[in-house]
Amino acid sequence: MDVVVIILLISGLLFFTGGSIGILRFPDFYTRLHPAGKLDTAGLVLTMSSMALYTLHEFSVASLLTAFKIILIVVFVFFTSPTATHAIIDAGVRAGLGHWTKGEK
Amino acid sequence: MMWLIQLIILIIVVVTALAAITVKDLLGAAILFGAYSFMMCLLWAIMGAVDVAFTEASVGAGISTVLFVAAVFRTSRRTKD
Amino acid sequence: MHDLTLILMSKLNYWIYILLMMIGLYAMIVKNNLVKKIIGMNILQTAVILFFISIGAKNKATIPIIEHAHGPGNHAVSAAHYINPLPHVLMLTAIVVAVATLGVALALIIKLHQQYRTLEEDEILAQLKNE
Amino acid sequence: MKVLGAIIVLLFGSLLIYCTLDFPSWGDPASPASTHVSPYYIENTLEDTAVPNIVTAVLADYRGYDTMFETVVIFSAGIACFFLLRSFKRIEPDTRLYRHVPTGITFRIEKGGRYPRESVDFERIDLQWVPHDLIIKTTCRMIIPFIQIFALYVIAHGHHSPGGGFQGGVILGASVIIFAVSHNLRSSTNRISEKNVVLLSTTGVLLYAATGGLCLLLGSNFLDYSALSQIFGVDSVTARSFGILLVEIGVGMAVMAVMISLYYNLASAGKQDEGL
């Protein structure tokens, strides 16, 4: 059980690190939002499910309820985080922001 | 250990506060103020004030950012300092 | 050296709150834009709230919700085991009142912008002088 | 000005830092702040009110008079914003925009023209209208009921977990604000009109005061909820927790209504026709 928790947690943190590096390293607005939308959601799903497993360590009704609440958080973030990214990118397109092309600084 | 996390968050809080009052775009200042409020909420959750952290997360990071954005939308966005 | 770390550990937090208060006060006094002044006011408010919360903190204590309240393990509650709830109560209402004052301040700003078409303090003062 | 301000701020800061030398160190259990009155609250809350969350109990019971006027402060802030911004002169804009939904054609109708009746096919749109975003609208439509259920849970479950009237009211207000942002202000005011919002805020404050007054009528002190045991038919300790719940509902209603009213007035600059 512990091994699964640790593996999930570390892979989630790996996704978060990738997302942060992507936000810092990518050249323009649209490509920066790409890691922000995808990798954060994936990392959050993995870390949160590892925490849900960890609370199920001592199996009881209360810990089952806590795990259920954590899974609910995952579900809602899974819906809302890509929507927020979509809204930001949509606003960028409407404001007329150009995209990066190869060779530009 | 907890003390160290608190210190890191305090430094982030100071940096976001400085950024919110120096940035030259009022919309950006409003968003940075939201980030400041959210960091403050984390700090209170660490200190054990869960009710206050909950209030700050809903009020400071939610409603007051929306109110700032609405006011900036109705007035002007540029600033000289 | 050990004494210095002890003083730092016990006092550094307070110094950072004072730094935050100074940032807020500086923005309120010096900044020319009215929205920036309001952001400074809110930063000052939050720093004061943070200070109040931190004087209620206790080492080796838990959050102020009594554990096992309705159950067999009902034991006597000792005050040293829970964080001081009184500053939390006072500051909880202060936060909500802060957002109410923020609303009134932003309403005043929108009214000023309708009248003078600007948010800069010096431009508003110049327009007032010309009248 | 800049230098003068910096000098004042530095003086203020150094004075405060000098004062911190007399402070108890961080997290000291024997500090003056946590030795006088707070041990009483911590040790007696559960016996007095049967509420495990000490913050809720102190907020609504021991210091209920304080919280009542905090609610009044929020209410008066909402009223102040209303009177500052709301313009009662009905200034019609020169043109109105209508949109025929099935074809997506936009009509621009000058003043004096005949406006079409609003129906499922024809809808009036803002002057700065942007095309509908299906993803955002659908997600908000899906997520808003859950937000509202969570807010009601926060109000009702504030006795056992962090939460209470203030937080739940703010979350309820935020759900309406999300609706107004994702659709437009007009469709939000069609659902919760301005009149209803003001009525709700006054009802909230009055519910709080009426709970206190009921205790007076039952022959006890103002806001002493143990008198409510005659109505509910329970012992006085449980009656106090019921009284706290009543008061929290009042606070929640007032805070929700004030937040919505602040948003309506600020986002439309008082005209209440077009929002963000």
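Below, each value reflects all heavy atoms present in this structure, side chains not excepted, and no hydrogens, waters or symmetry copies.
- With a 4.5 Å cut-off on non-hydrogen atoms, C/L90 touches chain D through its side chain but not through its backbone.
- With a 4.5 Å cut-off on non-hydrogen atoms, D/V37 touches chain C through its side chain but not through its backbone.
- Heavy atoms of C/V89 lying under 4.5 Å from chain D belong to its backbone as well as its side chain.
- Using a 4.5 Å cut-off between heavy atoms, D/A269 touches chain C through backbone and side chain atoms alike.
- Between D/Y41 and C/Y82, the gap from one ring centroid to the other reaches at least 6.0 Å.
- Within 6.0 Å of OH in D/Y65 there are 12 or fewer heavy atoms belonging to other residues, nucleotides or ligands.
- Note that CG of C/L106 is 12.0 Å distant from CG of D/N265, once rounded to the nearest 0.5 Å.
- Taking chain C as the reference chain and counting heavy-atom pairs below 4.5 Å, the highest number among D/G169, D/G164, D/G78, D/A77 is found for D/A77.
- Of the possible donor and acceptor atoms, one in the side chain of C/N84 sits under 3.5 Å from a partner among the backbone N and O of D/A33.
- Comparing D/L266, D/V73, D/L262 by heavy-atom pairs within less than 4.5 Å of chain C, the highest count is held by D/L266.
- The distance from atom NZ of C/K31 to atom NZ of D/K2, rounded to the nearest 0.5 Å, is 6.0 Å.
- Using a 4.5 Å cut-off between heavy atoms, D/I8 contacts chain C through its side chain alone, with no backbone atom that close.
- The contact between D/N53 and chain C is made by backbone and side chain atoms together, counting heavy-atom distances below 4.5 Å.
- The distance from the CD atom of C/Q114 to the OG atom of D/S87 is 7.5 Å, given to the nearest 0.5 Å.
- Atoms OH and CG, on C/Y26 and D/L10 in that order, are 9.5 Å from each other to the nearest 0.5 Å.
- If you measure heavy-atom distances from D/S31 to chain C, the contacts under 4.5 Å come from the side chain alone.
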Check: Could you go step by step and tell me if D/E70 and C/V96 meet the side-chain contact (heavy atoms from CB on, under 4.5 Å) rule?
Finding: CA-CA 9 Å; D/E70 301 277 3; C/V96 186; over 6 Å; no
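- When side chains are defined from C-beta on, D/V9 does not count as touching C/M21, because their heavy atoms never get closer than 4.5 Å.
- Here the closest heavy-atom approach between residue D/T20 and residue C/Y14 is recorded as CG2-CB, 3.9 Å.
- More than 12 heavy atoms of other residues, nucleotides or ligands sit less than 6.0 Å from atom OH of D/Y62.
- Within the 4.5 angstrom heavy-atom criterion, only backbone atoms of D/S161 (N, CA, C, O) approach chain C.
- Per-residue counts of heavy-atom pairs under 4.5 Å with chain D were compared for C/P64, C/A57, C/G103; the largest is that of C/P64.
- Both the backbone and the side chain of D/A6 come within less than 4.5 Å of a heavy atom of chain C.
- Once rounded to the nearest 0.5 Å, the distance linking CG of D/L84 with CD1 of C/I109 reads 12.0 Å.
- Your options are C/T93, C/I110, C/V104, and the one with the most heavy-atom pairs under 4.5 Å with chain D is C/T93.
- Residue D/G13 comes nearest to C/M22 through the heavy atom pair CA-SD, 3.4 Å, listed as atom of the first residue, atom of the second, then distance.
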Notebook entry, point to check: How far apart are the C-alpha atoms of D/V55 and C/L92, what are their side-chain angles, what is the distance that settles it, and do they pass the side-chain contact (heavy atoms from CB on, under 4.5 Å) test?
Noted result: CA-CA 9 Å; D/V55 174; C/L92 199 155; 4.0 Å; yes
Check: So C/F51 and D/F23, ring pair (Phe, Tyr, Trp, His ring centres under 6.0 Å) or not? Walk me through it.
Finding: CA-CA 12 Å; C/F51 172 71; D/F23 275 8; 5.6 Å; yes
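- The number of heavy atoms from other shown groups lying within 6.0 Å of CZ (D/F222) is above 12.
- With a 4.5 Å cut-off on non-hydrogen atoms, D/P32 does not touch chain C at all.
- D/R63 and C/L86 make their closest contact through NE-CD1, 3.6 Å (heavy atoms, listed as atom of the first residue, atom of the second, distance).
- Only the side chain of D/Q167 comes within less than 4.5 Å of a heavy atom in chain C; its backbone stays farther off.
- Contacts with chain D were tallied for C/I18, C/I29, C/V30; C/I18 has the most, counting heavy-atom pairs under 4.5 Å.
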